[in-house]
Amino acid sequence: AQTIIRDGLLVGLGPAEVLNIVNERLCVSNPEGMFVTVFVCVLDVQSGTVQAANAGHMPPIIIDCEAREAAVDTGILLGLFDDADIKEETIELKPDECLLLYTDGVTEAVNDKEEFFGTDALLRCLDEGKPFATAQAVVETVTESVESFANGSEQFDDLTVLVIHRGASSRTELPVDMDAFGVLRDEILSKAQDRTLGLRICLACEEAFVNIVSYSGAQSIWASVEHEDQGLRVILEDDGVYFDPFANDVRKKEFEELDEGGMGIGIIRDSTREASYRREANHNVLELLF
């Protein structure tokens, strides 16, 4: 089952399509009546969108202002019925939210009175533990709560917890106007290690900002400034027409050619450790690492 899931996802099949294929293959020969429950999801780390499909597994839990089960179809376990008809669904993971996946070793943990831990206790311990700064903090809260409940009683199933924590967004929407660059400039200078570095970063980013304002036809610009590997990563995104600033000739221009334009791209390349462009969801995304 793991092999088919992995291979299917790596060639670009969706979660539901993969699980339906897994079910068909497991059902071909299964005289022992074995089965498996599976929750598969594909996370877009930029947007926080999770494409998911469930085959009889416990629904994931979303943790924001409260802990709650995600509204996803339970589906049916794999290996027993020819037509599983697993459905694909979408979960939107917002900034500072967590997505928690777990095995039934969590909710079916037992204490010395042979009572189950249960879903209500799981949700309660998450509500009492928030806010969570990291995914690891969520894992530790769950495992410690279950261990405290069990109080040394022997358990009959494995306990596995997986948590995705989407960090708080530093992405700011700006008007398409050079006056708006002041907002980005202030953020860069506040996060740079020293003012000299900050001014160099501002110069390169201003060149990119000018290009967007002057030529893209964009209605909005989004900017984020994040610490990365002893430097800063600046991401500029706009909804203008397609334009890859690095697609053209990158040779250094002779002095008499400078009035033809292109100096800004040279400044960006010379100032950054890494610079890349991508077209994503009809947006231009310029990523600069300083």
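Just so you know, these numbers come straight off a predicted model, no measurement behind them. Here, residue 1 is the first one in the sequence, and each next residue gets the next number.
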Atom [atom1] of [X] and atom [atom2] of [Y]: how far apart are they, to the nearest 0.5 Å?
X	Y	atom1	atom2	answer
Asn211	Ile265	CG	CD1	5.5 Å
Cys27	Leu80	SG	CG	6.5 Å
Glu287	Glu226	CD	CD	8.5 Å
Ser224	Ile235	OG	CD1	4.0 Å
Ile188	Cys205	CD1	SG	4.0 Å

Closest approach of [X] to [Y] (non-hydrogen atoms, all atoms of both residues):
X	Y	result
Asp73	Gly75	OD2-N, 3.0 Å
Asp64	Lys130	O-CD, 3.5 Å
Cys98	His165	SG-CD2, 3.4 Å
Val18	Leu13	CG2-CB, 3.7 Å
Leu199	Leu189	N-CD2, 3.9 Å
Thr107	Phe116	O-CB, 3.8 Å

Are the side chain of [X] and the backbone of [Y] linked by a donor-acceptor contact shorter than 3.5 Å?
X	Y	answer
Ser153	Asp112	yes
Thr103	Asp158	yes
Asn20	Ile86	yes
Arg269	Thr272	no
Asp238	Ile212	no
Asp44	Thr49	no
Asn284	Glu237	no
Ser148	Ser145	no

Can you find a side-chain donor-acceptor pair between Asn111 and Asn151 that sits under 3.5 Å?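 Per modelled atom types, Asn111 and Asn151 side chains form no pair under 3.5 Å.
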If hydrophobic clusters are built from ILVMFWY residues whose side chains come within less than 4.5 Å, do [X] and [Y] share one?
X	Y	result
Leu159	Leu101	no
Tyr277	Ile268	yes
Val42	Val38	yes
Leu19	Leu10	no
Phe149	Tyr102	yes

Is atom [atom1] of [X] surrounded by more than 12 heavy atoms (other residues, nucleotides or ligands) closer than 6.0 Å?
X	atom1	result
Met178	CE	yes
Glu173	CD	yes
Arg278	CZ	yes
Gln2	CD	no

Using the salt bridge (charged side-chain N to carboxylate O under 4.0 Å, His left out) criterion, which residues pair with Arg124? Sequence neighbours excluded.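 Here no residue qualifies.
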Would you indicate whether the side-chain heavy atoms of Asp104 and Thr37 approach each other to under 4.5 Å?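 They are not in contact (no side-chain heavy atoms under 4.5 Å apart), so the answer is no.
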Could you check if a side-chain atom of Leu232 sits within less than 4.5 angstrom of a side-chain atom of Ile201, using non-hydrogen atoms only?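 Yes, side chains in contact.
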Lys94/Asp96 salt bridge by N-O under 4.0 Å criterion: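 The answer is no: the pair does not qualify as a salt bridge.
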Indicate yes or no: does Glu206 engage Arg185 in a salt bridge with an N to O separation below 4.0 Å.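 Not counted as a salt bridge, because no side-chain N and carboxylate O are separated by less than 4.0 Å.
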Partner residues of Ala150 under the side chain to side chain contact (heavy atoms under 4.5 Å, CB included) criterion, sequence neighbours left out: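 Ala150 satisfies side chain to side chain contact (heavy atoms under 4.5 Å, CB included) with Gln155 only.
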